[in-house]
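Remarks on the structure that follows.
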Amino acid sequence: MKHIMSFGILASTVLAFASPVLAQTVFVSTQLRPIEEATVVREELLKDVGSVDYVVEEPPQFAVRMEAERQAGKRTVSLVGALHGELSPLADKDTLEPLDDLAKKLAASGMPQSLLDLGKLGKPTQQYIPWMQATYVMAAKKEALQYLPDGADVNALNYDQLIEWGKNMQEATGQPQIGFPAGPKGLMARYFQGYFYPSFTGGVVRTFQSADAAAGWEKLKTLWTYVTPNSTSYDFMQEPLAAGEVMVAWDHIARLKNAISAAPDDYVVFPAPAGPKGRGYMPVVAGLAIPKGAPDKAGAEKIIEHLSMPDTQLLTASKVGFFPTLKVKLPPDLDAGVALLAGAVTATQASKDAVISLLPVGLGDKGGEFNKVYMDSFQRIVLQNEPVADVLKTQGATMAKLMADTKAACWAPDAKSDGPCPVE
């Protein structure tokens, strides 16, 4: 996001943000912002790590603050917590301290190297330490398992098996039993960007109008014959699951949690299906980073180490529903629904055919337009039955213009680009 400010405004912004308690380590986060979550951070997660001023910021204000401090040459913030895509612009401006020593310690403690590699943000040194994560998974009522195709493993499904499962459930019950959050406030766009496209094409932008994409859309049209039409009104899948409107659903873990925690014995939770190119999934990774020039670098490192301890990571999972970045054994007294979701996250990460798809990077305030390309394609191809090739051609042109306008380079799983990510 571009912000045009005079130096005087930037300097006054820094002064306005300055912490009145200089002895405190200022920790600014775009995550865990709601008052209940922020209270957990202050009173439980940061207990016994010294004097910490935990400050929450909306992502746009966070970007303004960090840029203001960079241009003013005066830091008040010693530690930042933000999503991968929110930290990437800071790394691009070379404003983050390298954290290689911490990364080595955490790798030895069981943090997956794949996650640590994300924290390099394409640089030779560690830019952030993965703090906590979420993702999207599938959940099913246990009664649906009787309709699984012969030989199908719920933890290693492919799209053909999901289609057959949907057909079996519909024939047995007389109703479509699969649901997606395709409503106005649902996260269906993330399904296309993180799951569908990577699984069928191995990319997201470069492959948007490819032959592989066209074949994938035809497969989705077949699957959709076993998806409840009510999906276009669903924003959170926990409600229709709990109400018995569907037996199988895909959604963000936070939007499934209430139903599963309320009746954990009624559900199984598992990775999304694989396509010809693998099992696409979108890790929503929040990281911890130290700005260059931080007034309390040692205090910030101490906090990172504390938040990366197994006990603290498990406490984070149980209290706020974000999952560990460490490989940790879940305690027997962990909320049973959280444990089910955590198991599905682990199974997704451990899938041999996993294809990581990052949240979009570099789009600034055009993220909504990027999502709209996928949702418009879905509406036209799947719901309105327009010819796949025609839709992909016109929507591909829209995508190409968006990439050119934002100058956004490719992100995983697309191959790196020099300049804007091309639609090939």
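Please read these numbers as outputs of a predicted model, since none were measured by experiment.
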Check: [X]/[Y] side-chain N/O donor and acceptor closer than 3.5 Å:
X      : Y      : answer
Tyr147 : Gln177 : no
Glu37  : Thr39  : no
Gln24  : Asp296 : no

Check the surroundings of atom [atom1] in [X]: do more than 12 heavy atoms from other residues, nucleotides or ligands lie under 6.0 Å from it?
X      : atom1 : value
Lys123 : NZ    : yes
Asp153 : CG    : yes
Lys219 : NZ    : no

How long is the straight-line distance from [atom2] of [Y] back to [atom1] of [X], given to the nearest 0.5 Å?
X      : Y      : atom1 : atom2 : result
Met169 : Leu145 : CE    : CG    : 9.5 Å
Gln113 : Leu118 : CD    : CG    : 10.5 Å
Met138 : Tyr267 : CE    : OH    : 13.5 Å
Glu86  : Met66  : CD    : CE    : 12.0 Å

### Task
Run through Tyr191, Trp224, Phe180 and flag the one making a ring-ring contact (aromatic ring centres under 6.0 Å, His included) with Phe378.
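Only one of Tyr191, Trp224, Phe180 forms a ring-ring contact (aromatic ring centres under 6.0 Å, His included) with Phe378, namely Trp224.
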
Keeping [X] on the side-chain end and [Y] on the backbone end, is there a donor-acceptor pair under 3.5 Å?
X      : Y      : answer
Tyr195 : Tyr136 : yes
Arg206 : Cys421 : no
Asp414 : Val204 : yes
Gln133 : Pro324 : yes
Gln126 : Leu116 : yes
Glu301 : Ala298 : no

Side-chain heavy atoms of [X] within contact of [Y], under 4.5 Å:
X      : Y      : answer
His252 : Arg190 : no
Pro240 : Asn230 : no
Ser377 : Phe208 : yes

In terms of side-chain geometry, is the basic nitrogen of [X] or [Y] positioned less than 4.0 Å from the acidic oxygen of its partner?
X      : Y      : result
Arg65  : Glu69  : yes
Glu67  : Arg70  : yes
Lys277 : Asp212 : yes

### Task
Report the C-alpha separation of Phe322 and Trp131 in whole Å, then their side-chain angles, then the decisive distance to 0.1 Å, and conclude whether the ring pair (Phe, Tyr, Trp, His ring centres under 6.0 Å) test is met.
CA-CA 9 Å; Phe322 273 78; Trp131 172 20; 8.1 Å; no

### Message
So, using salt bridge (charged side-chain N to carboxylate O under 4.0 Å, His left out) as the criterion, who are the partners of Arg42 when residues are at least two apart?
### Response
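Expected list: none.
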
### Message
Below 30° counts as parallel, above 60° as perpendicular, anything between as tilted: where do the rings of Phe370 and Trp411 land?
### Response
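Perpendicular: the ring planes of Phe370 and Trp411 meet at over 60°.
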
### Message
Under the criterion ring pair (Phe, Tyr, Trp, His ring centres under 6.0 Å), I'd like the reasoning laid out for Phe196 against Trp217: C-alpha separation, chi angles, the key distance, then a yes or no.
### Response
CA-CA 9 Å; Phe196 172 78; Trp217 281 107; 5.0 Å; yes

### Task
Start with the C-alpha distance between Tyr197 and Phe192, add both sets of side-chain angles, then the distance that settles ring pair (Phe, Tyr, Trp, His ring centres under 6.0 Å), and finish with yes or no.
CA-CA 6 Å; Tyr197 257 86; Phe192 293 116; 7.5 Å; no

